[in-house]
Amino acid sequence: MSLPEPPRASLSLRIDTDALVQNWRALDTLSGTAKAGAAVKADCYGLGAALCVPALREAGCEDFFVAHWTEAAEVAQYVDPKQIAVLHGPVTAADASFARANGMVPVINSVEQARIWTQAGGGACHLMVDTGINRLGIAPSELGEDAIRQLKIDALMSHLASADEDLPSNKAQKDALASLSGSIAHKRMSLANSAGIALGSDFAFDLTRPGLALYGGVPRPELAGTIAQVAYPQAQIIQTRTLSAGDQVGYNAEFTATKTMRVGTVSIGYADGFLRSRG
């Protein structure tokens, strides 16, 4: 039995792709001589790869970063697979085979991942070097390992730990990556995320990797007048009532009216990302 079309949802999310494009172009300009890529992991930070990736592609973006191989498969519907880099790298031989078969570019994060990639046939890859975040990436001392030396490295990368704050570690990480330039063959270098772009052009190297700021986030005050809002939640008010002074609202009576007032219940909640802690 086929059901009739449901009524219009009482909650929706409007995405302004013009603002998204504006943000990417602004970040690309702020990157100076470097080219801005785009972090499109987590379904473009929850805003929808099907909507955002084509808009970024048409704006001129050429490098797209995802976390997982399943995300790469989705993004490959909209861009050339060779433009997609997978940040978690080839953790298994199956990951490497998938990348080889489809043309995606793995980010190598360990000597073991380098071996897995080479054993699968190798090809272009990026190499993540840890310069202080102690997350993904090889140690600088591992650049001399045979498995690493065999790689065909496009971008030699690192990731800033505290770019949204003014800490000495930012310059230390930048200098650490710059010092590795002559240590291994590569085509490009990449360090800056959204906040890193705001730190200045000397953090940009050849390729920047903005994420949060693309979608309207402002990680540093320098970007406040540049980054436009992209996502607009639109929720219907589904009931109103009039409270008297002393009336209490919600679980555990977290709000108490101090005077007569009108309140409304809005069609948005936990499942939509509106957490109780925001109350």
Side-chain angles (χ1 to χ4, degrees), residues 24 28 31 33-41 44 49 53-54 56-57 59-131 135-140 142-159 177-178 180-193 196 204-211:
W24 180 82
D28 188 50
S31 297
T33 58
K35 183 74 173 178
V40 295
K41 59 188 178 180
C44 289
V53 173
L56 291 167
R57 178 197 66 211
C61 184
E62 298 176 353
D63 294 272
F64 299 86
F65 294 87
V66 299
H68 305 286
W69 293 100
T70 50
E71 294 176 327
E74 180 180 4
V75 173
Q77 298 176 67
Y78 314 109
V79 299
D80 187 331
K82 294 179 182 178
Q83 296 176 276
I84 303 169
V86 182
L87 293 164
H88 287 182
V91 178
T92 68
D95 295 338
S97 295
F98 179 82
R100 291 267 303 160
N102 295 282
M104 289 99 172
V105 181
V107 177
I108 303 299
N109 298 294
S110 68
V111 174
E112 178 58 25
Q113 285 192 0
R115 292 193 185 104
I116 290 171
W117 182 237
T118 300
Q119 289 168 4
C125 65
H126 302 318
L127 178 64
M128 179 71 73
V129 182
D130 176 58
T131 56
R135 201 170 63 175
L136 290 175
I138 68 167
E142 293 177 309
L143 282 170
E145 294 282 341
D146 288 343
I148 300 297
R149 308 298 295 187
Q150 293 176 41
L151 297 173
K152 297 177 181 178
I153 302 168
D154 178 356
L156 183 64
M157 302 165 54
S158 194
H159 193 72
L177 180 62
L180 301 176
S181 177
S183 300
I184 194 166
H186 61 277
K187 296 180 179 179
R188 301 183 287 177
M189 299 184 77
S190 178
L191 176 65
N193 53 6
F205 290 91
D206 304 301
L207 173 65
T208 60
R209 312 189 306 270

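By convention here, the first residue in the shown sequence is residue 1.
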I want to check something: taking the side chain as every heavy atom from C-beta on, are [X] and [Y] in contact at a cut-off of under 4.5 Å?
{"X": "H186", "Y": "D154", "answer": "no"}
{"X": "C61", "Y": "W24", "answer": "yes"}
{"X": "V107", "Y": "L127", "answer": "no"}

Would you call the rings of F65 and H126 parallel, tilted or perpendicular, taking 30° and 60° as the class edges? tilted
Could I get the full list of side-chain hydrogen bond (donor to acceptor under 3.5 Å, both in side chains) partners for D130, not counting sequence neighbours? none
Under the side-chain hydrogen bond (donor to acceptor under 3.5 Å, both in side chains) test, residues paired with T92 that sit two or more places apart: D95
So for atom NZ, which belongs to K82, do other residues, nucleotides or ligands contribute more than 12 heavy atoms lying within a distance under 6.0 Å? no
Just by modelled atom types, is the [Y] backbone N or O under 3.5 Å from a matching donor or acceptor in the [X] side chain?
{"X": "T208", "Y": "S31", "answer": "no"}
{"X": "R209", "Y": "A192", "answer": "no"}
{"X": "W69", "Y": "H88", "answer": "no"}

With a 4.0 Å cut-off on N to O distance, would you call D80 and R57 a salt bridge? no
Value for CD1 (I148) from CD1 (I108), rounded to nearest 0.5 Å, stands at 7.5 Å
Under the side-chain hydrogen bond (donor to acceptor under 3.5 Å, both in side chains) test against D63, which residue among R188, Q83, K35 passes? R188
